[in-house]
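Here the structure is a predicted model, which means the values were calculated and not measured.
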Amino acid sequence: MFDPAPEHWSARAGLRPGRSFYSWHIDFAAAPQIVALHASYADLLHRLPDFTPMPLQRMFLDVQGIGFADRVPDQDLAGIVEATRRRLTDLGAIPVTVGPAVLRKESIQLPVRPVAPLQHLRELTQAAIVDVWGDDAIPERPDLDPHLTLAYSNNITGTAAVPLQLPAHSPYSTALSISAVTLLSITYTGQVYEWTPSLTLAW
């Protein structure tokens, strides 16, 4: 899966062209509710030429990074996957609401709420990393802000063309349950990010 790398994206420390990073994400792309929600905002995005719509295939929710592929031996990755499987076994489905769309800095987002059970999911994936590598092995991450991105600003100059608020629109949202995480290998080529799903753990 390939995506443009907008100017405003902050590269992860150590990220360079050709280097891959392993990360747990929730894949919403095939969920019928998200397919319909994504389509429902097509008209809004059509009215905002300064934003580049995010393709449906990029409807991923970031959960927890693991590490750069060149520093994660295959045996360690297999151990982290198995530890994550054990940690998530009794979790149970996580009901969430996605949307309605909001304007955040340089992007249009679909918030995913409530946050607390998603934070618990992140903590379980972190604990699985600790199971294999120890307490000091968790990659630094900002506070969890669960959302799907509908569009990114393509206004590199930062002029007034980017609106201060969204035009009037129907506040579409949807409800669904989360019961799986997907391991992604994310590679920055220098111009685009390539997102390659490796495996999915369901509970």
Side-chain angles (χ1 to χ4, degrees), residues 1-3 5-6 8-31 57-96 98 104-105 107 109 111-149 176-190 192-203:
M1 183 180 310
F2 298 90
D3 293 305
H8 60 268
W9 277 17
S10 298
R12 184 186 297 272
L15 187 63
R16 59 178 180 268
R19 196 180 194 193
S20 299
F21 189 88
Y22 292 125
S23 185
W24 289 113
H25 283 62
I26 298 166
D27 184 358
F28 284 100
Q57 293 79 7
R58 259 295 303 276
M59 294 291 104
F60 284 108
L61 174 62
D62 187 13
V63 176
Q64 175 63 45
I66 297 175
F68 285 106
D70 56 10
R71 302 184 70 175
V72 181
D74 290 346
Q75 183 175 353
D76 288 7
L77 182 62
I80 290 170
V81 169
E82 185 54 36
T84 303
R85 190 191 310 275
R86 290 195 303 269
R87 291 276 183 176
L88 300 182
T89 296
D90 299 321
L91 181 59
I94 301 173
V96 296
V98 182
R104 299 282 177 83
K105 184 180 180 181
S107 66
Q109 300 178 1
V112 182
R113 298 293 185 267
V115 176
L118 297 172
Q119 178 63 42
H120 180 54
L121 172 61
R122 171 186 267 192
E123 290 166 356
L124 291 174
T125 62
Q126 290 175 338
I129 296 172
V130 171
D131 290 343
V132 177
W133 282 342
D135 291 332
D136 59 350
I138 305 299
E140 292 186 11
R141 300 290 297 156
D143 292 339
L144 189 65
D145 176 24
H147 64 271
L148 303 179
T149 300
L176 71 163
S177 292
I178 295 167
S179 58
V181 290
T182 296
L183 180 65
L184 298 182
S185 175
I186 305 169
T187 305
Y188 178 52
T189 69
V192 297
Y193 286 89
E194 179 183 355
W195 298 51
T196 305
S198 299
L199 59 89
T200 296
L201 296 181
W203 61 83

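Under the side chain to side chain contact (heavy atoms under 4.5 Å, CB included) criterion, Ala127 pairs with Arg87, not counting sequence neighbours. Contacts of His147 classified as side chain to side chain contact (heavy atoms under 4.5 Å, CB included), with partners at least two apart in sequence or in another chain: Gln109, Asp145, Thr149. For Pro111, the side chain to side chain contact (heavy atoms under 4.5 Å, CB included) test picks out Val102, Arg104, Arg113, with sequence neighbours left out. Listed by chain and residue number, Thr182 satisfy the side-chain hydrogen bond (donor to acceptor under 3.5 Å, both in side chains) test with Thr200 (two or more places apart in sequence, or in another chain). By the side chain to side chain contact (heavy atoms under 4.5 Å, CB included) test, Ser20 pairs with Ala69, Ser185, Thr187, sequence neighbours left out.
Between the CD1 atom in Ile186 and the OH atom in Tyr22 there is a gap of 11.5 Å [rounded to 0.5 Å]. Interatomic distance, CG of Asp135 versus CD1 of Ile129, reported as 12.0 Å (0.5 Å rounding). Taken to the nearest 0.5 Å, the CG atom of Leu144 stands 9.5 Å off from the CD atom of Gln64. In this structure, CD in Gln119 is found 10.0 Å from CG in Leu124, a value given to the nearest 0.5 Å.
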Side-chain donor-acceptor distances from residues 71-84 under 3.5 Å, at least two apart:
| unit_1 | atom_1 | unit_2 | atom_2 | d |
| --- | --- | --- | --- | --- |
| Asp76 | OD2 | Trp133 | NE1 | 2.9 |
| Glu82 | OE1 | Arg85 | NE | 3.3 |
| Thr84 | OG1 | Ile80 | O | 2.7 |

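The minimum heavy-atom distance linking Thr89 with Trp203 is given by the pair O-CB, 4.2 Å. Here the closest heavy-atom approach between residue Ala93 and residue Ser177 is recorded as CB-CB, 4.1 Å. Here the closest non-hydrogen pair linking Leu184 and Pro197 is CD2-CA, 3.5 Å. Heavy atoms only, all atoms of each residue included: Ile66 and Phe21 are closest at N-CE2, 3.9 Å. Between Pro114 and Pro95, the shortest heavy-atom contact is CD-O, 3.8 Å.
For the pair Ile26 and Val112, the minimum side-chain heavy-atom distance is 4.5 Å or more.
Considering Thr125, Leu183, Val181 as possible partners of Leu201, the one that fulfils the side chain to side chain contact (heavy atoms under 4.5 Å, CB included) test is Val181.
Ring orientation note: the planes of His25 and Trp195 are nearly perpendicular, at an angle over 60° on the 30°/60° scale.
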